[in-house]
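Working notes for the structure below.
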Amino acid sequence: MISDLASALGQTPGPFLLATGSLLLPMLVALLWILARQSRLTRLYQRLTRGTSGGNLEEILVKHLETVQHVAERLEALERRVEALALQQQRCVQRVGLVRYDAFDDVGGEQSFSMALTDGLGSGVTLSSVYSRADVRIYGKSIRAGTPSHPLTQEERRALSVSAES
C-alpha cells in the first residue's frame, strides 16, 4: 500500500517513508506533551473540585469568595474586639507594690503594711494597715493618673514606687 502511494507520487518507497517518519516523530512528541499537560490539568481540576458535588468551576469560585468574605468579616470583628480589650486592659490592676514595716517600736514582726494597686494609666489606690497592740487601723487613698487624693506616707510612697517597678 505504501509502495503504491509512493509510486503514485512518483517516488521510491524509501525516501517516502523517511519523509513521512520525519513528519510523524514531531507530531508524536507534540501529542505526548499535550497528553501530559491534559493529565496535569485534570489532576488540578480534580483537586480544585474535591469535596464538592461536581459543581462547575464558577460555582466553586463563588462559594470560595463567599467563604473568604465571611472570614474577612470575622477577622475585622476580632480586631475590633482585641482593640476594645487592649483599651479595657489599661483600666485593670497591672502593678502591685507591698511594703511591710513596724509602725510602733513596741510591736515587732512587721505587722503593718502599705500596698499600692495601680492600673496602666497610673490610677488606683493605696491601702495601709497600721497594727498596734490595741487595734488595727486601715487607711485608703485614691490615686488618679499618679496623683494621690491625700498626702502619702513614706511607706505608701515606697509601695507606689515598688508597684511602678513591677
Side-chain angles (χ1 to χ4, degrees), residues 26 28-166:
L28 182 62
V29 169
L31 178 64
L32 290 176
W33 181 80
I34 289 171
L35 288 175
R37 185 105 169 117
Q38 182 203 11
S39 174
R40 180 179 173 270
L41 289 174
T42 302
R43 281 193 315 272
L44 287 173
Y45 183 76
Q46 287 172 346
R47 195 171 84 195
L48 184 64
T49 58
R50 186 178 353 167
T52 63
S53 59
N56 66 19
L57 192 56
E58 182 181 358
E59 291 173 5
I60 293 168
L61 289 175
V62 167
K63 186 176 179 181
H64 178 70
L65 287 174
E66 289 172 356
T67 302
V68 168
Q69 180 65 32
H70 178 70
V71 169
E73 290 169 0
R74 288 194 64 206
L75 179 62
E76 275 185 39
L78 286 173
E79 286 174 346
R80 285 192 303 271
R81 182 84 170 128
V82 166
E83 201 173 294
L85 287 172
L87 290 174
Q88 187 178 9
Q89 181 185 11
Q90 289 292 314
R91 305 290 300 163
C92 295
V93 173
Q94 295 183 13
R95 300 179 195 124
V96 177
L98 178 69
V99 174
R100 295 177 60 103
Y101 58 94
D102 290 327
F104 303 103
D105 291 335
D106 63 338
V107 178
E110 295 184 336
Q111 298 297 313
S112 298
F113 68 87
S114 291
M115 180 178 4
L117 304 165
T118 57
D119 63 13
L121 304 173
S123 297
V125 296
T126 61
L127 297 173
S128 294
S129 171
V130 180
Y131 177 83
S132 71
R133 290 189 186 274
D135 61 357
V136 175
R137 297 192 183 237
I138 298 176
Y139 303 94
K141 299 174 185 171
S142 66
I143 301 172
R144 297 269 182 239
T147 304
S149 61
H150 295 79
L152 298 178
T153 65
Q154 175 186 353
E155 292 81 14
E156 290 167 334
R157 282 193 301 273
R158 280 188 18 220
L160 196 57
S161 68
V162 168
S163 76
E165 294 170 4
S166 64

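Note that these values count all heavy atoms, side chains included, but never hydrogens, waters or copies made by symmetry.
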Problem - Backbone of Thr153 reached by a side-chain donor or acceptor of Glu155 within 3.5 Å - result: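 Pair absent, no side-chain N/O of Glu155 close to backbone of Thr153.
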
Exercise for the section: Using modelled atom types only, decide if a donor and an acceptor are shared between the side chain of Gln89 and the backbone of Gln94 within a distance under 3.5 Å. Expected result: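 No; judged by distance alone, with no hydrogens or angles, the pair does not exist.
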
Identify, with sequence neighbours excluded, every residue that meets side chain to side chain contact (heavy atoms under 4.5 Å, CB included) alongside [X].
X	answer
Asp102	Glu110
Arg133	Asp106, Val107
Asp135	Ser132, Arg137

About how many Å separate [atom2] of [Y] and [atom1] of [X], when rounded to the nearest 0.5 Å?
X	Y	atom1	atom2	result
Leu61	His64	CG	NE2	8.0 Å
Glu156	Tyr139	CD	OH	10.0 Å
Thr42	Leu35	OG1	CG	10.0 Å

Considering non-hydrogen atoms only, spot the tightest contact between [X] and [Y] and give its length.
X	Y	value
Phe104	Tyr131	CD1-O, 3.5 Å
Leu127	Gly140	CD2-CA, 4.0 Å
Val136	Ser129	CG1-OG, 3.5 Å
Arg158	Ser161	O-OG, 2.8 Å
Gly122	Ile143	O-CG2, 3.4 Å
Ala103	Ser112	CB-OG, 3.3 Å

Exercise for the section: Can you run down the salt bridge (charged side-chain N to carboxylate O under 4.0 Å, His left out) pairs that involve residues 36-47, sequence neighbours left out, and say none if there aren't any? Expected result: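 Checked against salt bridge (charged side-chain N to carboxylate O under 4.0 Å, His left out) - neighbours excluded - no pair reaches residues 36-47.
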
Heavy-atom side-chain contact between [X] and [Y] under 4.5 Å:
X	Y	value
Val99	Gln154	no
Thr126	Ser114	no
Asp119	Val93	no

Practice task
Go through the structure and list residues passing side-chain hydrogen bond (donor to acceptor under 3.5 Å, both in side chains) with Thr118, not counting sequence neighbours.
Solution key: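 If we apply the side-chain hydrogen bond (donor to acceptor under 3.5 Å, both in side chains) test to Thr118, skipping adjacent residues, there are no hits.
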
Handout entry: All pairs passing side chain to side chain donor-acceptor pair (under 3.5 Å) where residues 69-80 contributes a residue, at least two apart
Key =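 Every pair satisfying side chain to side chain donor-acceptor pair (under 3.5 Å) with a residue in residues 69-80: Gln69-Glu73.
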
Handout entry: Residue Arg144 excluded, over 12 heavy atoms near CZ under 6.0 Å
Key =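 No.
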
